[in-house]
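Since the structure comes first, as structure tokens, the remarks are kept for the end.
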Amino acid sequence: MKTLLEPARQTEVFAEVDVCVLGGGPAGLAAAVSAARGGARTLLVERYGFLGGMGTAGGVTNFAGLYGRRGGQVQQLVRGVVDELLDRIARLGGLNDPQDGLQGRIRVRSYDIPAYKCAADDFLLSAGVQLLFHAVAAGVVMDGDRVAALLVETRSGRRAIRAQQFIDASGDADLAHFAGVPYELGDGHGSALFPSTMFRIANVDADRARAAIGEFKAIDALMEQAAGRYRFPRRGAILRPQRNPREWRANVTQLANERGDAVDATDARQLSAAEVEGRRQIVEYMRFLRAEVPGFEEAEIGDIAPQVGIRESRRIVGSYRLTGDDVIDGARFDDSIGLNSWPCERHEAGRIEWGFARDTDNAFNQLPWRMLVPQGVANVLVAGRCASMEHLGQSAARASGGCFVMGQAAGTAAALRVAGRFSVAALQAALRDAGADLG
Ligand SMILES: Cc1cc2nc3c(=O)[nH]c(=O)nc-3n(C[C@H](O)[C@H](O)[C@H](O)COP(=O)(O)OP(=O)(O)OC[C@H]3O[C@@H](n4cnc5c(N)ncnc54)[C@H](O)[C@@H]3O)c2cc1C
């Protein structure tokens with residue numbers, strides 16, 4: 001490997017705050033609002049010019065993991081600051097009614113991406129969070145076992161952000177990685193959950209499409225019949241209408257590297273090649289839809305997500321790693337910060353495998369505070385899909401619902417730390433006061 005030595009330089013300090021949150025996905029949104037509400041001067045750094053993370057930049061368009069079964073009834077189990085965000089999206093006319101799937105074992109809620117982006121701006125600004133867009137975190141300055149500053153590349157040049165507490169909600173654990181926190185990648189055998197490029201389909205004849213593939217798995221049978229004539233990246237697809245029924249979202253691409261393993265989102269070359277391959281698969285899938293699926297004869301690509309959707313990359317090693325068994329067995333923890341109700345959803349080569357909670361009447365597990373606490377660094381918390389989880393546990397708690405829970409807890413805890421009032425009991429009391437359901 002060739003290297004070169006960069007010259008040392010003086011870096012301008014952009015801001016000095018109490019809490020700096022990296023990343024504006026579900027975890028970062030909930031963290032920033034909760035930290036600000038807890039009285040901390042809070043700045044959120046985001047590389048794009050909008051918020052939402054994979055939910056907008058990855059084209060996901062769907063909240064999973066908010067609802068689950070308790071006492072035999074499906075109900076909303078993730079509550080707290082997320083309720084305000086949902087209300088704001090709904091007020092903009094961008095939130096669908098909940099939809100059930102997989103024989104009533106899951107309930108999801110889709111949304112329109114522009115409404116999510118606008119609602120998220122208001123959500124953060126009204127809580128007093130400062131926003132720094134178009135800023136890519138590029139490193140940290142350490143002071144012993146504390147992060148003294150986050151270094152960001154902005155359109156004005158390189159800048160430093162000083163904070164007492166940092167929350168890594170980057171999805172890829174960038175900040176924690178810069179700070180030397182140990183992490184794991186994938187399933188331990190070279191692969192991870194496969195990524196997908198999401199896209200939306202416009203100009204669908206809604207009634208005919210619903211009649212043909214309205215049932216959750218009906219599209220899979222049509223794909224199977226046509227398999228010899230098209231190159232499908234995986235068996236089956238998730239095709240669902242948006243609020244405007246002429247617009248459907250498609251979750252069907254699957255991105256492998258040259259070895260056939262999931263693209264490694266921490267590898268710049270693999271990630272770059274994946275962008276091209278995702279678009280190629282979309283063009284091929286549209287050829288299938290137009291020719292073979294009733295209602296899609298005149299359909300067009302409505303939008304391709306700005307980036308490959310990454311389900312899993314670095315997962316930090318923290319005080320506790322959430323396991324697949326915790327999800328299946330409905331684990332309970334004394335240091336609960338909230339609930340995960342999404343099943344294990346493994347995107348394997350060519351297929352999706354589901355793993356549901358054994359207790360079908362109470363199909364949820366608690367999430368422990370310790371999964372947010374990284375090893376070796378004193379003033380960083382890690383929330384969202386890069387928190388401390390094993391591969392299988394992450395396949396469940398990575399859904400938006402679990403990320404909102406982790407974010408709210410991390411932001412609340414960071415504010416309590418700044419105020420010198422942190423204890424697990426104080427965190428749990430503050431979360432309950434803010435409407436969270438700790439189970
Ligand atoms: C294809 C696909 C389909 C999915 N389907 C669903 C679904 O239907 N329902 C559901 O609930 N979940 C779904 N998920 C999962 C869910 O969207 C993600 O797991 C969730 O968004 C993770 O939230 P997060 O806040 O941890 O991270 P992310 O949403 O990944 O947000 C991280 C944010 O940090 C920013 N960032 C990262 N690094 C830097 C840096 N160095 N500098 C500055 N900013 C940075 C990113 O731009 C991003 O905005 C899906 C995911 C994918 C990829």
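Note that ligands are numbered from 1 as they come in the structure, with each ligand's atoms numbered from 1 the same way.
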Worked verdict on D121 versus Y116 for side-chain hydrogen bond (donor to acceptor under 3.5 Å, both in side chains): CA-CA 9 Å; D121 285 344; Y116 188 4; over 6 Å; no
side-chain hydrogen bond (donor to acceptor under 3.5 Å, both in side chains) between N340 and N365, intermediate numbers included: CA-CA 5 Å; N340 166 65; N365 61 281; 2.9 Å; yes
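Using a 4.0 Å cut-off between charged side-chain N and carboxylate O, D220 and R235 make no salt bridge.
The closest side-chain heavy-atom distance from V152 to V136 is not below 4.5 Å. Using a 4.5 Å heavy-atom cutoff, the side chains of L66 and L77 are not in contact.
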Expected rows: ligand 1 N/O, protein N/O, dist below 3.5 Å:
from	atom 1	to	atom 2	distance (Å)
ligand 1	8 (O)	N62	ND2	3.1
ligand 1	9 (N)	N62	O	2.8
ligand 1	9 (N)	A64	N	3.4
ligand 1	11 (O)	N62	O	3.4
ligand 1	11 (O)	A64	N	2.7
ligand 1	11 (O)	A64	O	3.4
ligand 1	11 (O)	S400	N	2.9
ligand 1	11 (O)	S400	OG	2.6
ligand 1	19 (O)	R398	O	2.6
ligand 1	25 (O)	P26	N	3.3
ligand 1	25 (O)	A27	N	3.0
ligand 1	26 (O)	R385	N	2.9
ligand 1	29 (O)	M54	N	2.8
ligand 1	30 (O)	R385	NE	3.1
ligand 1	30 (O)	R385	NH2	3.1
ligand 1	41 (N)	A137	O	3.4
ligand 1	41 (N)	D174	OD2	2.8
ligand 1	42 (N)	A137	N	2.9
ligand 1	44 (N)	R47	N	3.2
ligand 1	47 (O)	E46	OE2	2.7
ligand 1	47 (O)	R47	NE	2.9
ligand 1	49 (O)	E46	OE1	2.6
ligand 1	49 (O)	E46	OE2	3.2

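A distance of 6.0 Å or more separates the ring centres of W342 and F364.
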